[in-house]
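Lettering of chains follows the sequences in order, A, B, ..., and the numbering in each one begins at 1.
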Amino acid sequence: MAPQTRNMPFPKIVIQRDSDTEESSSEDEDDELQNDAVEESDEEQLVEDDDDDDDKDEASTSTKTKRKPITISLKKVCKVCKKSGHEAGFKGATYIDCPMKPCFLCKMPGHTTVTCPHRVATEYGVAPASHKRTHSSVEYVFERQLKSRVSTMKPKFVIPNKVHCAVIRYHSRRITCLEFHPTRNNILISGDKKGQVGVWDYGKVHERTIYGNIHGCIVNNMKFSPANDGVVYGASSDGTLSSTDLETGISSSLLNLNPNGWNGSSTWRMLYGLDLNSDKGVLVAADNYGLLYTVDMRSNNVTGSPTLIHKKRSKVTGLHCHPLQPDLLLSCGNDHFARIWDMRRLEAGSSIYALPHTRVVNSAYFSPQTGSKILTTSQDNRLRVWDSIFGNMDSPSREIVHSHDFNRHLTAFRAEWDPKDVSESLVVVGRYISENYNGVALHPIDFIDVSTGQLVAEVIDPNIRTITPVNKLHPRDDVLASGSSRSIFMWRPREKIELERGKDDEPGIVLCGNDEKKRNGKFEDDDSGDDFDKKNIMTKKSYLKSKGRGSKRKC
DNA sequence: ATACGATGCATCC
DNA sequence: TGGATGCCCTCGTA
């Protein structure tokens, strides 16, 4: 059952990379040893010693004046730990870690990223599932009602690994969230850091609209209305919960946590987590004060008083309602916990389960079909999976080491289930650290089988050099949407697109057009005009040509 | 080519 | 509890 995965000879590259990195890491070790040897002495002394050795003129002047010369050492200085004797950073397309720091990937001391076992094979980080039987009543319910729905057959994974179309400069700030339209297959909506919401018909590539006045800043989460799929809800760092008509762009605010405006950052409230519970007819949203708000979707009014669901004054990063059990709610936050709640009994401290993590939890999702599993993404560079919320929840069934570090300039990484996978095991997540692919540093989008911890596919395109922290798989089609700094990419399976288009056809790949230059180097804030035209479409010929030129092409 | 800056979280007291 | 401080693979712009 070989999955459709890599288009490039990755194993070959890995071997090549390993030999490269081993060389460089052994150099580093030598440097480290040298550094250790002199580390006992004062750093200034070290600089002076260097000068005496390297520059006789300088040394003679220093003996004349009997004063230390102010010189700049030519010796390598590490920009990470500021010590001399070694360097960290990119050497070509390979990043060399500072040997003084713990591994940037798994956070363990004693080795660096390039030699980390998790870099090559993610299954090293998998803790086996525990098979404790709790024999609780909920487990009985699970066995009887839900287990039959979980497919024991592993389907063939279809990986969208070919750029179908990509739009750059569609948003003027980084992408923060993506959602596929629940019924119209070619519609993708996107939110950005500035508060703008995009609606893109990627079937017609150029048809896109940007609504610039829905939110004042970061759109953290969006959800389509179950009652009317022309309406989308949004939770924003401006402290409002919006309801927007996608046809008109007319938006209304269902909740405003800052009715008195700006009174300093210490009092400003922001909304992050958002989900809807159609059985109960409510929206749930949560803020940076640890509070959960409930909004009735019929009356658009807040019901009840907010409930403290995470540590006081800490951010609730995500909410997810159970797909089958309307009473279950999952939340996660900056207090390092993911929690399961009974919606009928929402009180501070009354969560059914509190799932501890060692760092901030970026996201927590029930599995899409049965909701019996939980997947979390934490800033400790680990994906965690609990195999059955009706079984043993004392510890996660699996922990998978994966690079998705926190970086204040990037949207937080969130691993997402494939909603189409009946076995509830395929997950997509962007990768932070780069790999050297034929001399180009690229950040793949990883597909991981969380039942084994195996990396099923690493999706890359030589034209996409940026990190893509936001990824969403289509609920019905084999399509992946990726959000990056300012661009959105659509991916399809490689075989399919070739069947559909033929070799010499124009593939409709829209890459970095010249709209930037057209605007005289300045980006207009109200980017609602459609400035895409044929000039921005690359033909397959030019696309392949640009690929052939390799690393020179700027995207 | 290189420098700059936006700005979230951990850690310290 | 809150302010000050310091940051390791960013990325677009000047």
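Summarising the geometry, the separation between CZ on F406(A) and C1' on dT10(C) is reported as 12 Å, rounded to the nearest angstrom. Atom pair I168(A):CD1 and dC11(C):P shows a separation of 11 Å (rounding to whole Å applied). Atom pair K194(A):NZ and dG12(C):P shows a separation of 15 Å (rounding to whole Å applied). Atom CD1 of I175(A) and atom P of dT10(C) are 19 Å apart (whole Å). For the pair R173(A) CZ and dG12(C) P, the computed distance is 11 Å after rounding to whole Å. The NE2-C1' distance, from H443(A) to dC9(C), rounds to 6 Å in whole Å. Regarding F90(A), its CZ atom lies at a distance of 10 Å from the C1' atom of dT10(C), rounded to whole Å.
Within 4.0 Å (heavy atoms only), I433(A) reaches at least one base atom of the nucleic acid. As judged by a 4.0 angstrom heavy-atom cut-off over every strand, R174(A) is placed among residues making no nucleic acid contact. Nucleic acid contact class of T113(A) (heavy atoms, under 4.0 Å, all strands): base. Within 4.0 Å of N334(A), counting heavy atoms only, lie sugar-phosphate atoms of the nucleic acid but no base atom.
Between dT7(B) and dT13(C), the distance separating the two P atoms is 15 Å to the nearest Å. Taking atom P on both nucleotides, dC8(C) is separated from dC12(B) by 15 Å, rounded to a whole Å.
In this view, N263(A) and N260(A), T267(A) satisfy the side chain to side chain contact (heavy atoms under 4.5 Å, CB included) rule, not counting sequence neighbours. Considering only residues two or more places apart in sequence or on other chains, T317(A) meets the side chain to side chain donor-acceptor pair (under 3.5 Å) condition with none of them. Scored by the side chain to side chain donor-acceptor pair (under 3.5 Å) test, S237(A) finds N220(A) as partners (sequence neighbours excluded). Remark: S251(A) pairs with I214(A), S242(A), T244(A) by the side chain to side chain contact (heavy atoms under 4.5 Å, CB included) rule, at least two apart or across chains. The side chain to side chain donor-acceptor pair (under 3.5 Å) test applied to K101(A) returns no partner, not counting sequence neighbours. Residues satisfying the side chain to side chain contact (heavy atoms under 4.5 Å, CB included) test with V428(A), not counting sequence neighbours, are E416(A), I445(A), F447(A), N471(A), L473(A), L480(A). Residues satisfying the side chain to side chain donor-acceptor pair (under 3.5 Å) test with D238(A), not counting sequence neighbours, are H215(A), S236(A), T240(A).
Between K193(A) and R359(A), the residue anchored nearer the 5' end of DNA chain B, judged by the nucleotide with its closest heavy atom, is K193(A).
Taking 4.0 Å as the cut-off between side-chain N and carboxylate O, K79(A) and E87(A) do not count as a salt-bridged pair.
No side-chain heavy atom of T377(A) sits under 4.5 Å from any side-chain heavy atom of V361(A).
Contact footprint of chain A on DNA chain B: nucleotides with an atom under 4.0 Å from a non-hydrogen protein atom, first to last in 5' to 3' order, dA6(B) to dA10(B).
OP1 and OP2 of dT10(C) both lie 4.0 Å or more from every side-chain N or O belonging to S485(A).
For T466(A) and dC11(C), a side-chain-to-base donor-acceptor distance below 3.5 Å is absent, hydrogens and geometry of angles not being considered.
Ring geometry for F180(A) versus Y202(A): interplanar angle over 60°, hence perpendicular rather than tilted (30 to 60°).
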Quick one: which protein N/O atoms are closer than 3.5 Å to N/O atoms of nucleotides 6-8 of chain C? Pair and distance per line, please.
residue, atom, partner, partner atom, Å
dC7(C), N4, R408(A), NH1, 3.2
dC8(C), N4, P102(A), O, 3.3

